[in-house]
Asks: 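Below you'll find the structure I mean.
Hydrogens, waters and symmetry mates are skipped; everything else that's a heavy atom, side chains included, is used. We're numbering straight along the sequence, starting at 1.
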Amino acid sequence: MHSLLDPLQIKSTRLKNRLIMPPMATAKAKPDGKVSQALLDYYREKSAGGYFSLIIIEHSYIHQEGKASPNQLSIADDSVIEGLQELAKVIHENGSQCIIQMNHAGSATKEEITGVIPVGPSAVANPRLGSTPRELTPEEIENLVTAFADAARRAKTAGFDGVEIHSAHGYLLNQFFSPLTNRRSDQYGGTVEDRIRIHQKVIAAVRKSVGDDSMVLLRLGASDFMNGGSTIEDSQIAAQEFEKTGLDILDISGGFSGYNVPGLTYGPENQGYFASLTEAVKKVVSLPVILTGGIIEVQAAQKMLAEGKADLIGVGRAVFSDSDWARRAIESLRQG
């Protein structure tokens, strides 16, 4: 039975407790994606006191064509490294470890944001936006793998403790995973094993880029919660394959359903609403699993850890609205 106060060893990295700040988009970066003073101030405030063992920086685009929205953080070229160094330094000085989430939006963006026609695994309409992307060629997919690896190198150079690969919430890698948007007939489409081929290539390339001492996480949209979409059974297969590639932690969230489970309301009665997904994934892998989803009470987090539904707990929206949440939670546990 684990507590939020228990440490967790990940290879050479020691997480001092089980409380994680998950990635949450702020739209506080500069228009060119570089780190702004507002972004530094935000993370300084959220990480104050070092009560989170790990802070996952919001999704950052690896390529201009994968930019999801205005003022999104960039990790797309070497010019951003200096600002990212400042960001990592702020969090480390406050006493937490930090990684950065790398993302490509795929068809979940618009031409007016990227300057080019959005791309995707297949030329089928995005379930959320309704727009149809241009299908990626095999050569372009290989270039994307390289782009993820290059972004990871920048994160390492900037001093981050690792990276998280984003394959949730209907973005590009999630689009490859989901049958809703992946209709390919080549090596990147069809069975679950083929739909995650790009993920395995990305994980391997990122691992080679950052080395064995850096943490490599993957955020998996473990169910689309839609007819014809990805299922938890798909994710169990995927999780086992990801573990074989040397992934350190799996971070579970929704697929095309986004941050939520359809039909559930956000509130005290539905805390940890991705628990059924994390519990199912935990049954088939030995690597640590992160649970997020509407957790607002420390007692709820403790209960889910004790029940073995996850190894780490991410608290996002409660911290987004109350920067003092983590301090109160950890101190309440220390006081017994």
Side-chain angles (χ1 to χ4, degrees), residues 21-43 46 55-77 79-81 83-84 87 98-121 124-134 136 144 147-148 150-152 154-155 158 160 163-178 180-181 202 218-221 224 251 253-260 266 292 314 316-317 319-321:
M21 179 173 156
M24 293 177 284
T26 64
K28 292 181 182 293
K30 294 179 180 178
D32 62 0
K34 291 183 180 178
V35 172
S36 66
Q37 188 60 49
L39 196 74
L40 291 174
D41 292 344
Y42 170 84
Y43 280 103
K46 297 303 180 187
I55 290 178
I56 306 177
I57 302 299
E58 61 201 80
H59 74 151
S60 307
Y61 60 93
I62 63 165
H63 193 286
Q64 175 62 27
E65 72 172 17
K67 184 176 182 178
S69 55
N71 296 98
Q72 183 187 2
L73 192 60
S74 170
I75 195 166
D77 62 72
S79 71
V80 305
I81 293 175
L84 291 175
L87 181 54
C98 57
I99 65 174
I100 189 165
Q101 187 185 66
M102 309 180 298
N103 192 28
H104 189 297
S107 64
T109 186
K110 300 175 181 178
E111 187 174 353
E112 52 262 38
I113 293 171
T114 65
V116 296
I117 297 171
V119 297
V124 297
N126 182 286
R128 281 181 161 181
L129 299 183
S131 54
T132 301
R134 177 179 65 79
L136 287 160
L144 279 169
F148 271 103
D150 288 343
R154 294 178 192 112
F160 286 95
V163 293
E164 180 171 84
I165 300 160
H166 200 353
S167 179
H169 307 159
Y171 291 119
L172 182 64
L173 292 182
N174 198 185
Q175 291 161 23
F176 271 89
F177 181 59
S178 175
L180 293 172
T181 42
V202 168
L218 184 138
R219 191 167 222 195
L220 178 64
D224 286 330
D251 182 3
S253 192
F256 273 102
S257 64
Y259 310 98
N260 300 304
Y266 176 67
T292 59
R317 279 177 280 193
V319 172
F320 190 83
S321 60

Asks: For S69, enumerate each residue passing the side chain to side chain donor-acceptor pair (under 3.5 Å) test, keeping only those at least two apart in sequence or located in another chain.
Replies: none

Asks: Checking T109 now: which residues fulfil side chain to side chain contact (heavy atoms under 4.5 Å, CB included) with it, not counting sequence neighbours?
Replies: A105, I113, T114, P118

Asks: Under the rule for salt bridge (charged side-chain N to carboxylate O under 4.0 Å, His left out), what residues qualify as partners of R134, not counting sequence neighbours?
Replies: E140

Asks: For N260, which residues count as a side chain to side chain donor-acceptor pair (under 3.5 Å) partner, sequence neighbours excluded?
Replies: Y273, R317

Asks: Could you note down all residue pairs passing side chain to side chain donor-acceptor pair (under 3.5 Å) where residues 163-173 supplies at least one of them, sequence neighbours left out?
Replies: Q101-E164, S167-H199, H169-S253

Asks: Of all residues at least two apart in sequence or in a different chain, which pass the side chain to side chain donor-acceptor pair (under 3.5 Å) check with R154?
Replies: D78

Asks: Under the side chain to side chain contact (heavy atoms under 4.5 Å, CB included) rule, collect the residues that match up with S178, sequence neighbours excluded.
Replies: L180, T181, D224, F256

Asks: Check the pair V35, L40 against side-chain contact (heavy atoms from CB on, under 4.5 Å), reporting the backbone distance first and the verdict last.
Replies: CA-CA 7 Å; V35 172; L40 291 174; 3.7 Å; yes

Asks: Find out whether N71 and P31 are in side-chain contact, i.e. whether some heavy atom of one side chain is under 4.5 Å from a heavy atom of the other.
Replies: yes

Asks: State which residues pass side chain to side chain contact (heavy atoms under 4.5 Å, CB included) with P121; sequence neighbours excluded, sorted by chain then number.
Replies: L172, Q175, F176, N182, R184

Asks: Side chain to side chain donor-acceptor pair (under 3.5 Å): which pairs involve residues 22-41, sequence neighbours left out?
Replies: T26-E58, Q37-D41, D41-R44

Asks: Run the side chain to side chain contact (heavy atoms under 4.5 Å, CB included) test against A29 and tell me which residues pass, sequence neighbours left out.
Replies: L73

Asks: Between I100 and V163, does a side-chain contact (heavy atoms from CB on, under 4.5 Å) hold up when you go through it step by step?
Replies: CA-CA 5 Å; I100 189 165; V163 293; 4.2 Å; yes

Asks: With sequence neighbours left out, what residues match H63 under side chain to side chain donor-acceptor pair (under 3.5 Å)?
Replies: none

